[in-house]
Amino acid sequence: RIEVEAAVWLVLRGLAKKVVVASYLATALGDDVFADPGAHSSLEVLVAIYAYAAQLYVDFSGYTDIAIGVALLLGFTLPENFDGPYTARTVTEFWSRWHITLTRWFRDFVFMPLARRSRASRHSATSQPRGALGPAAALPEHAALRARALCRAIATAQAALNVLGA
């Protein structure tokens, strides 16, 4: 059964987030400041940075709401993609609340296969003894952790570049 009311509500909420809130944050609080930060006070720049962070969230969650609503109208149920990321207490918790479906995708298709491969190589009868490999033996064990750290570093760098307008 298609939940038309819930679907339409999601689409309208997403449009409001994107068209009204995100656009307002960009034009009223961000664009002028980022165009010429030197011409504005420190407080104005700080407000613009916070407005940009809010704009990014509202814009992204808005189009996600639209996509979930349209999918619901077509009979598909998609998972929620955000869970109050700005209420997180740590960077790890922020990321797990920010883009839930991307986090799950990385877990299921990147980290878990790396972990399985690592376990399989450790328990394989044909693998070389660990002592013969020296420091390289630890590499497969930490591949998932390194991939996660790389993803976080890329996300942080991208956010910093976006804030700086690069």
Side-chain angles (χ1 to χ4, degrees), residues 2-37 40-116 118 141-166:
I2 295 176
E3 300 173 34
V4 176
E5 186 177 330
V8 170
W9 170 248
L10 281 166
V11 171
L12 291 175
R13 183 175 76 179
L15 285 170
K17 284 180 180 180
K18 287 188 67 57
V19 175
V20 178
V21 179
S23 296
Y24 173 78
L25 289 171
T27 56
L29 300 175
D31 290 348
D32 290 340
V33 175
F34 290 126
D36 188 12
H40 297 277
S41 70
S42 298
L43 180 61
E44 290 172 317
V45 172
L46 184 63
V47 168
I49 290 169
Y50 280 109
Y52 181 74
Q55 176 201 351
L56 187 66
Y57 167 71
V58 173
D59 193 54
F60 200 30
S61 69
Y63 89 69
T64 301
D65 287 347
I66 294 168
I68 292 171
V70 169
L72 197 56
L73 285 172
L74 296 173
F76 300 99
T77 302
L78 298 178
E80 285 295 321
N81 203 29
F82 295 96
D83 184 21
Y86 287 126
T87 62
R89 296 180 188 261
T90 65
V91 173
T92 303
E93 184 184 1
F94 173 85
W95 181 251
S96 68
R97 291 169 168 242
W98 174 260
H99 199 323
I100 297 167
T101 54
L102 181 62
T103 302
R104 286 182 190 153
W105 185 88
F106 271 112
R107 181 194 67 207
D108 295 344
F109 296 102
V110 177
F111 303 134
M112 295 307 290
L114 285 172
R116 279 192 293 275
S118 175
E141 294 175 21
H142 300 293
L145 293 174
R146 290 180 180 166
R148 184 179 296 134
L150 177 62
C151 290
R152 284 187 189 137
I154 291 170
T156 302
Q158 184 178 14
L161 288 173
N162 287 338
V163 168
L164 295 173

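Only a predicted model underlies this, so the values are computations on that prediction, with no experimental measurement involved.
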Can we call the ring centroids of Tyr63 and Phe60 under 6.0 Å apart? yes
Pairwise distance OH(Tyr52) to CG(Asp59) - rounded to 0.5 angstrom: 9.0 Å
Ile66 and Leu10: side chain to side chain contact (heavy atoms under 4.5 Å, CB included), yes or no, with the steps? CA-CA 6 Å; Ile66 294 168; Leu10 281 166; over 6 Å; no
Is it true that a side-chain atom of Tyr86 and a backbone atom of Ala53 form a donor plus acceptor pair closer than 3.5 Å? yes
Is the ring pair Phe109/Trp105 parallel, tilted or perpendicular, if the boundaries are 30 and 60 degrees? tilted
Could you tell me the separation between the CG atom of Leu73 and the CD1 atom of Ile68, rounded to the nearest 0.5 Å? 12.5 Å
I need the minimum non-hydrogen distance between Ala22 and Val58, along with the two atoms involved. N-CG1, 4.0 Å
For Thr27, which of Asp31, Leu25, Leu29 qualifies under side chain to side chain contact (heavy atoms under 4.5 Å, CB included)? Asp31
Provide the closest heavy-atom pair for Gly30 versus Ala48 in the form atom of the first, atom of the second, distance. CA-CB, 4.3 Å
Contacts of Glu93 that satisfy side chain to side chain donor-acceptor pair (under 3.5 Å) - sequence neighbours left out: Arg97
Here the gap from Asn81 atom CG to Thr101 atom OG1, rounded to the nearest 0.5 Å, amounts to 3.5 Å
Considering residues at least two apart in sequence or located in another chain, which fulfil the salt bridge (Lys or Arg N to Asp or Glu O under 4.0 Å) criterion with Arg107? none
At their closest point, which heavy atom of Phe82 faces which heavy atom of Ser61, and how far apart are they? CE1-CA, 3.4 Å
In this structure, OG1 of Thr87 is separated from CZ of Phe94 (nearest 0.5 Å) by 10.0 Å
Applying ring-ring contact (aromatic ring centres under 6.0 Å, His included), can you list everything that pairs with Tyr24, at least two apart in sequence or on another chain? none
Can you see which heavy atom on Val45 is nearest to which on Pro37, and at what distance? CG2-O, 3.9 Å
Looking at side-chain heavy atoms only, is the closest gap between Val11 and Asp65 below 4.5 Å? no
Do other residues, nucleotides or ligands put more than 12 heavy atoms under 6.0 Å from the CD atom of Glu3? no
Minimal heavy-atom distance between Ala7 and Gly69, with the atoms involved, is CB-O, 3.3 Å
Could you state the interatomic distance from CD (Gln55) to NZ (Lys18), rounded to the nearest 0.5 Å? 9.0 Å
